[in-house]
Amino acid sequence: MFPKLEGPISNRMKFQGKEVLTWSINDYLGLANLDEVKAVDAEAAATYGAAYPMGARMMSGHTDFHEQLQNELSAFVNKEAAYLLNFGYQGIMSAIDALVSKDDIIVYDVDCHACIIDGVRLHMGKRFTFQHNDIESLEKNLERATKLAEQQNGGILVISEGVFGMRGEQGKLKEIVELKKKFKFRLLVDDAHGFGTLGATGAGAGEEQGVQDDIDVYFATFAKSLAGIGAFLAADQEIIDYLKYNLRSQMFAKSLPMIYVKGALKRLDMLRSRPELKAKLWENVNALQTGLKERGFDIGTTSSCVTPVYLNGSIPEAMALVKDLRENHSIFCSIVVYPVIPKGLILLRMIPTATHTLEDVAITLDAFSAIRERLENGTYKRLSAAVSAAMNE
Ligand SMILES: Cc1ncc(COP(=O)(O)O)c(C=O)c1O
């Protein structure tokens, strides 16, 4: 818990004084530690400090560069307009809050990220969940929602994600959009993991699935591919004009500081002008996912860079396994156990980036084979039992 990874953000960092291969950093394109990117951050810090601009966007926190970034982002994701958010989490919560009133109904994927769940919590009206990526379940809930919306003279907001960050599955946006022929609703998509990694230009899951135009409100954060802080919403001009006067987390909070605005402009430029970064990312993703499958690992149904590895074991076994992985194999990746996933399952969640090498992949595959063997031959069970016994003494 609360591990401290030290040193420059990259494929190899320090953990407890020792170099580890890192597979848990969302710096997909490897922008975080590039000299030319850090030079822009440093110049912005020297020119503006950390404070500028002061105040909320509507009041005194607005600049030409905020506008420029919005224009470049909306062009990049092929929408009429965009609006910056100082944090993604609060921003999308406010977007959900602003997009619905009490007579409207929200229908959302049950596996949506915590920020969406919290946004839905702000809603004063009805909400229905649909089973994860289950279009039949969505359709059933849209039928219920449509009846209610007609009675109440309200509308329907459907919410899904471009990529579900735990299991790596893309949201079935194409199928969801197809339902617009049968039902009347607006679609909000959180594309935190898809932006910069999916689609021919990196514009995300909507571009990848050929349905970007049918996403009514598109959200992405700068905290992953853009290796910064901040986020944005993109939509038709009319929607953005409405949102910028109604997003409480932006109207009543300080705007994105210039360091991050200038930094995001540079990173977006890198995204557009350096396609080889995304190509390298995918070379690593493909090598890792193919290698794991060839060795018989269960990587579920990922269709993105997020690479889950599912193993069978208890929580104490998981703890012994991750300790072995970190201390003896020098590999650092996130581990997820019950209650986030069902009891008896261990999920090792890996995030390949453009900074990884094929050698890193090969080392990791060997380490994973070794830990699986120790899990299956009971080594971790014995180790965890010894730890529990020592703790109880
Ligand atoms: C799917 C998803 N949505 C939203 C967020 C929140 O974005 P931010 O870190 O910009 O607050 C995250 C995490 O970063 C995320 O994974």
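We count ligands from 1, going down the list as the structure has it; atoms in each ligand are counted the same way. Note that this is a predicted model, so its numbers are computed, not measured.
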Closest approach of any protein heavy atom to [atom], naming residue and atom:
atom: atom 5 (C) of ligand 1; answer: H113 CE1, 3.8 Å
atom: atom 1 (C) of ligand 1; answer: D190 OD2, 3.4 Å
atom: atom 13 (C) of ligand 1; answer: K224 NZ, 3.2 Å
atom: atom 6 (C) of ligand 1; answer: Y89 N, 3.7 Å

Under 4.0 Å from any heavy atom of [X], which atoms of ligand 1 are there?
X: E161; value: 1 (C)
X: A192; value: 1 (C), 2 (C), 3 (N), 15 (C)
X: T221; value: 7 (O), 8 (P), 10 (O)
X: C115; value: 3 (N), 4 (C)

So, D104 and S101: side-chain donor and acceptor under 3.5 Å apart, yes or no?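 On atom types as modelled, these side chains qualify, holding a pair under 3.5 Å.
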Ignoring hydrogens and geometry beyond distance, is a side-chain donor-acceptor pair present between E317 and S314 at under 3.5 Å?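 E317 vs S314: donor-acceptor pair found between side chains.
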Note: K172-D109 ion pair, threshold 4.0 Å (strictly below):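 Here K172 does not pair with D109 in a salt bridge, since their nearest N and O are not under 4.0 Å apart.
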Answer yes or no: is there a donor N or O on one side and an acceptor on the other, between the side chain of [X] and the main chain of [Y], under 3.5 Å?
X: K280; Y: L29; answer: no
X: D27; Y: A32; answer: yes
X: T355; Y: N11; answer: yes

Is there any N or O on Q90 that sits under 3.5 Å from an N or O of ligand 1?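 It does not: no N or O of Q90 is found under 3.5 Å from an N or O of ligand 1.
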What about A223: any of its N or O atoms under 3.5 Å from an N or O on ligand 1?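 N/O-N/O distance below 3.5 Å does not exist for this pair.
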The single option from D190, T221, L226 passing side-chain contact (heavy atoms from CB on, under 4.5 Å) against F195: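 Between F195 and the candidates, side-chain contact (heavy atoms from CB on, under 4.5 Å) is satisfied uniquely by L226.
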